[in-house]
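Here's the structure we're looking at; comments come further down.
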Number of protein chains: 2
Amino acid sequence: MDTFECIRKRRDIRSYLKKDVPDDVIRKIIEAGRLAPSAMNLQPWQFIVIKNKETLKELGEFCMSGRFVVQAPFAVVVVTDPVNKWHEIDGARAVQNMALAAWNEGIGCCWIGAIEKVKEKLNIPRNLHVLTILPFGYPEEFTVKRKKVRKSPDEVFHWEKFGMKQSK
Amino acid sequence: MDTFECIRKRRDIRSYLKKDVPDDVIRKIIEAGRLAPSAMNLQPWQFIVIKNKETLKELGEFCMSGRFVVQAPFAVVVVTDPVNKWHEIDGARAVQNMALAAWNEGIGCCWIGAIEKVKEKLNIPRNLHVLTILPFGYPEEFTVKRKKVRKSPDEVFHWEKFGMKQSK
């Protein structure tokens with residue numbers, strides 16, 4: 001899919017069809033994360049792929065705002081290193097790469113807030129930071145067609161200086 | 001360009017051809033930023049497009065690590081609102097969308113660290129945060145063909161638990 005079309009059409013997806021994602025597609029999605037840019041190319045990230053149904057169920061119990069992770073055929077836990085002061089910014093760029101690479105394959109995801117409790121469950125070293133849990137799956141049709149709600153161009157675009165709007 | 005190809009081939013670009021970028025292409029790039037996802041859809045961002053050569057020159061003087069902004073046909077200053085605790089994460093997702101939308105049009109960019117000094121110059125309210133200045137331009141051929149250096153998959157991918165590697 002053309003990159004701009006992918007960016008334009010991508011939606012956050014919180015409900016998934018009961019359909020497994022092939023391993024080569026999972027691999028392509030995390031590869032997109034690995035290839036992201038980062039400050040000084042330090043790549044302060046780790047990606048844990050979770051397909052085990054029991055683990056996904058347990059993650060769902062931890063995630064107050066993301067119980068839907070239970071339904072997902074797989075999830076990626078993104079772990080960053082706070083020793084690097086740009087770890088969250090760089091992690092977010094890797095997440096956006098993964099979200100777009102997934103949508104390119106017809107797969108949706110949604111950022112779930114970091115849950116410290118998952119560290120013990122997943123053997124994540126205590127000094128690292130859980131940036132997000134991203135459940136991935138094929139979306140239900142109606143969620144793909146939802147309107148994208150964003151501030152208007154005039155609310156967020158400025159020309160040459162802050163506050164300057166284009167007349168045209 | 002296919003989204004995965006765009007992610008795979010994109011490089012940070014620090015030197016630009018002396019060739020203007022058409023306004024409709026600039027518009028498409030910032031549109032990609034506007035369409036990014038954000039926590040609770042709060043969209044804590046503003047985008048300032050700068051084409052004025054004098055302003056670009058002044059920005060170059062402010063940016064110790066990014067003097068090459070002087071050469072760029074245009075730059076986007078990304079401003080976020082620290083009242084929102086996810087402002088940097090969300091801003092980074094918008095930047096990644098713009099970087100990919102630009103590459104899709106054959107245009108490169110590079111994240112330059114936030115320079116507080118530009119606030120006064122660009123009339124940016126003091127309570128806001130300058131996340132990055134992104135110079136954009138058509139890359140010189142040799143920079144596009146540079147090898148992408150990243151940690152190996154084994155260094156950053158884990159399966160089911162942190163530290164678990166795939167045997168295959």
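Naming convention: chains lettered A, B, ... in sequence-line order (proteins, then strands); numbering from 1 in each chain. Small disclaimer: the values here were computed from a predicted structure and weren't measured.
Residue B/Asn123 holds its CG atom at 5.0 Å from NZ of A/Lys161, rounded to the nearest 0.5 Å. Atom CD of residue A/Gln96 and atom CG of residue B/Asp90 lie 10.0 Å apart, to the nearest 0.5 angstrom.
With a 4.5 Å cut-off on non-hydrogen atoms, B/Val77 does not touch chain A at all. Only the side chain of A/Lys148 comes within contact range of chain B, with heavy atoms under 4.5 Å apart. A/Asn97 touches chain B through backbone and side chain together, each having a heavy atom under 4.5 Å away. Residue A/Ile29: no heavy atom, backbone or side chain, is found under 4.5 Å from chain B. Neither the backbone nor the side chain of A/Val76 comes within contact range of chain B, judged by heavy atoms closer than 4.5 Å.
Taking A/Arg8 as the reference, A/Glu5 meet the side chain to side chain donor-acceptor pair (under 3.5 Å) condition, with sequence neighbours excluded.
The stretch residues 36-43 of chain B places B/Ala36, B/Pro37, B/Asn41, B/Leu42, B/Gln43 near chain A, each with some heavy atom under 4.5 Å from a heavy atom of that chain. For a heavy-atom cut-off of 4.5 Å, chain B lies close to A/Arg150, A/Lys151, A/Ser152, A/Pro153, A/Glu155, A/Val156, A/Phe157, A/His158 in residues 150-158 of chain A. For residues 13-21 of chain B, a heavy-atom distance under 4.5 Å to chain A picks out no residue at all.
Note: B/Leu35 leads B/Leu122, B/Ile50, B/Leu35 in heavy-atom pairs under 4.5 Å with chain A. Comparing A/Val95, A/Leu128, A/Val149 by heavy-atom pairs within less than 4.5 Å of chain B, the highest count is held by A/Val149. Among the candidates A/Lys119, A/Arg11, A/Glu88, A/Met164, the residue making the largest number of heavy-atom pairs closer than 4.5 Å to chain B is A/Glu88.
The minimum heavy-atom distance between B/Ala101 and A/Phe4, with the atom names listed, is CB-CD1, 4.4 Å. A/Glu160 and B/Thr55 make their closest contact through OE1-OG1, 4.4 Å (heavy atoms, listed as atom of the first residue, atom of the second, distance).
Looking at heavy atoms from C-beta onward, B/Asp2 lies in side-chain contact with A/Asn104 at the 4.5 angstrom threshold. Taking the side chain as every heavy atom from C-beta outward, A/Leu131 and B/Ile89 approach each other to under 4.5 Å.
The closest donor-acceptor contact from the side chain of B/Thr3 to the backbone of A/Met1 lies under 3.5 Å.
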